[in-house]
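One structure is given here, and the rest of the page talks about it.
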Amino acid sequence: MCIRDRYRTVEIGIDTTDAAEISEVWRVALGYRKGRDGDLADPHGRGPGLSFQETGTPNDNRLHVDIHRSKAESAPALEKTAATGALMDRDHAPGRVVVTDAQGNRLCLCTEEGTGPAT
């Protein structure tokens, strides 16, 4: 999940069919606190955030990195990333673009757009 006001931050995402089933294991093991949206945060502010992204079809590569930038900063990053030959899935743009490297590893380049409450 891409979240507003997290520009230039990094978050680890875990794809899952049931976040409630696994989130407590991660919270206890990391010593993190649970946020109101179910994401986990380091209470000391040293480690990356951890989010659980519910999907009915989790990929074999369930861990990925979310990189949050402002929409204004995202265009050059997307252009440079595409130039590396990575696959760019823009189905959820501009809120996020799923990037897959040559070995199938994924990351999400996220912006604040499209992440607010539905109107």
Between His64 and Asp66, is any side-chain donor less than 3.5 angstrom from a side-chain acceptor?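 A donor-acceptor contact under 3.5 Å links the two side chains.
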Side-chain contact test, heavy atoms from C-beta onward, threshold under 4.5 Å: evaluate it for Lys34 versus Leu40 and give yes or no.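 A side-chain contact exists here, since the closest heavy-atom pair is under 4.5 Å.
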Is any side-chain heavy atom of Pro48 closer than 4.5 Å to a side-chain heavy atom of Glu11?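 A side-chain contact is absent here, since even the closest heavy-atom pair is not under 4.5 Å.
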Out of curiosity, [X] [atom1] to [Y] [atom2], how far, rounded to the nearest 0.5 Å?
| X | Y | atom1 | atom2 | answer |
| --- | --- | --- | --- | --- |
| Asp37 | Phe52 | CG | CZ | 11.0 Å |
| His92 | Cys108 | NE2 | SG | 8.5 Å |
| Thr111 | Ile67 | OG1 | CD1 | 13.5 Å |
| Thr84 | Asp101 | OG1 | CG | 8.5 Å |
| Trp26 | Ile14 | CH2 | CD1 | 4.0 Å |

With sequence neighbours excluded, residues passing side chain to side chain contact (heavy atoms under 4.5 Å, CB included) with [X]:
| X | result |
| --- | --- |
| Leu87 | Thr100 |
| Ala77 | Arg69 |
| Arg46 | Asp42, His44 |

Which residue pairs pass the salt bridge (charged side-chain N to carboxylate O under 4.0 Å, His left out) test when at least one of the two sits in residues 77-89, sequence neighbours left out?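 Counting only pairs at least two positions apart or across chains, no salt bridge (charged side-chain N to carboxylate O under 4.0 Å, His left out) contact touches residues 77-89.
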Any idea which heavy atoms bring [X] and [Y] closest together, and the distance?
| X | Y | result |
| --- | --- | --- |
| Tyr32 | Pro43 | CA-CD, 3.9 Å |
| Pro94 | Glu113 | CG-OE2, 3.2 Å |
| Gln53 | Gly13 | NE2-CA, 4.5 Å |
| Leu78 | Met88 | O-CE, 3.7 Å |

Is it true that Val10 and Val98 fall in one hydrophobic cluster, defined by side-chain heavy atoms closer than 4.5 Å?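 No, Val10 and Val98 fall in different hydrophobic clusters.
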I'd like to know if the side chain of Glu112 reaches the main chain of Lys71, judged simply by a donor and an acceptor atom lying under 3.5 Å from each other, with no hydrogens or angles considered.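 Confirmed, Glu112 side chain pairs with Lys71 backbone.
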Can you run down the side-chain hydrogen bond (donor to acceptor under 3.5 Å, both in side chains) pairs that involve residues 15-25, sequence neighbours left out, and say none if there aren't any?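 side-chain hydrogen bond (donor to acceptor under 3.5 Å, both in side chains) check on residues 15-25 returns Glu24-Arg27.
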Under 6.0 Å from the CZ atom of Arg33, do we count more than 12 heavy atoms belonging to anything else shown?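 Result for CZ/Arg33: open.
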Begin with the C-alpha distance, continue with both residues' side-chain angles, and end with the deciding distance and a verdict on side-chain contact (heavy atoms from CB on, under 4.5 Å) for Val99 and Arg106. CA-CA 5 Å; Val99 178; Arg106 292 185 177 169; over 6 Å; no
